[in-house]
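Please read these numbers as outputs of a predicted model, since none were measured by experiment.
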Amino acid sequence: MTKGNLKENTIAAVLIAMTVALSILVVIPIPATKGIVTLCEVGIYTSAILYGRRMGLLVGGASGFLIDILTGYPVWCLFSLVIHGTQGLVVGWLLPRHHKGIRSMLLPLLVGSLVMVMGYCLATTLLFGWPAGLASIFGNVVQVGFGAGVTLSIVGPLTRLKPDLV
């Protein structure tokens with residue numbers, strides 16, 4: 001293993017652990033739907049913005065899978081692996097190579113959020129039928145919106161402090 005691979009693997013492991021911890025420890029209830037909002041998207045989006053599509057794919061897929069295993073929802077594991085992995089990949093892929101500031105992050109975050117919302121709508125429809133799939137949209141929109149907002153508030157100032165970081 002080269003020094004570069006070791007560094008990249010260590011960063012990926014830390015980001016996956018951080019994303020899983022954020023998602024399990026910080027749970028915000030949505031009283032209207034009796035659902036919850038987690039901070040999974042913050043870890044996925046931050047990884048994709050700071051380290052690119054490969055890291056977004058890896059962190060998104062692995063953390064989504066692990067979160068479902070650790071919280072007792074194994075039926076969702078493969079769905080989360082694909083949906084969150086694709087979400088991170090899309091954000092990293094659509095981000096301009098030399099992006100500057102929050103404006104350049106908006107479209108990739110919007111499309112990545114759409115991937116997550118539609119992916120879970122489809123997965124819920126396959127598992128529980130179309131009424132459940134439609135009902136899942138609101139909670140997922142709240143979650144990705146909250147995650148994108150937190151991500152922009154974290155990563156946005158980083159781009160102003162040190163533009164070559166992202």
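G43 and V59 make their closest contact through O-CG1, 4.1 Å (heavy atoms, listed as atom of the first residue, atom of the second, distance). When all heavy atoms are compared, the tightest approach of T10 to L6 is OG1-O, 2.7 Å. Between I83 and M116, the closest heavy-atom pair is CG2-CA, 3.8 Å. Here the closest non-hydrogen pair linking T19 and C40 is CG2-O, 3.5 Å. Across every non-hydrogen atom of T86 and V82, the tightest pair is OG1-O, 2.7 Å. Counting all heavy atoms, side chain and backbone alike, G92 lies closest to A48 at N-CB, 3.7 Å.
At a threshold of 4.5 Å between side-chain heavy atoms, the hydrophobic network of Ile, Leu, Val, Met, Phe, Trp and Tyr places L109 and L39 in one connected group. Residues L106 and V141 share a hydrophobic cluster, clusters being chains of Ile/Leu/Val/Met/Phe/Trp/Tyr side chains in contact below 4.5 Å. Cluster annotation: M118 is not connected to L110 through the hydrophobic network of ILVMFWY side chains, with a link wherever side-chain heavy atoms come within less than 4.5 Å. In the hydrophobic clustering of this structure, L114 does not group with L107; members are Ile, Leu, Val, Met, Phe, Trp, Tyr whose side-chain heavy atoms approach within less than 4.5 Å, directly or through other members. Hydrophobic clustering (ILVMFWY, side-chain heavy atoms < 4.5 Å, transitive): F79 and L122 are in one cluster.
Inter-residue side-chain proximity for P108 and W93 is flagged as unmet; no heavy-atom pair is nearer than 4.5 Å. Side-chain atoms of M18 and V42, non-hydrogen and from C-beta on, never get closer than 4.5 Å to each other. Between L89 and V115, the closest side-chain pair of non-hydrogen atoms is not below 4.5 Å. Under the 4.5 Å side-chain criterion, counting only non-hydrogen atoms from C-beta, W76 is not in contact with I67. Within the 4.5 Å cutoff, no side-chain heavy atoms of V111 are placed close to those of V91.
Q143 and T38 form a side-chain donor-acceptor contact under 3.5 Å, judged by distance and modelled atom types alone. No hydrogens or angles considered: nothing links the side chains of T46 and Y51 as a donor-acceptor pair under 3.5 Å.
Separation of atoms CD1 (I44) and CG (L58) is listed at 11.0 Å; rounding is to 0.5 Å. Note that the CG atom of L94 and the CE atom of M105 stand 14.0 Å from one another [nearest 0.5 Å]. In this structure, OG in S63 is found 7.0 Å from CD1 in I16, a value given to the nearest 0.5 Å.
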List the steps and the verdict of side chain to side chain contact (heavy atoms under 4.5 Å, CB included) for Y45 and S113.
CA-CA 10 Å; Y45 292 156; S113 297; 2.7 Å; yes
Does L57 form a side chain to side chain contact (heavy atoms under 4.5 Å, CB included) with Q87? I'd like the steps, not just the answer.
CA-CA 7 Å; L57 171 70; Q87 181 183 15; over 6 Å; no
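Alongside L78, the hydrophobic cluster contains F65, I69, L81 (criterion: ILVMFWY side chains under 4.5 Å).
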Return all side-chain donor-acceptor pairs below 3.5 angstrom for residues 124-131, not counting sequence neighbours, or 'none' if the list is empty.
residue: T124; atom: OG1; partner: Y120; partner atom: O; Å: 2.7
residue: T125; atom: OG1; partner: C121; partner atom: O; Å: 2.7

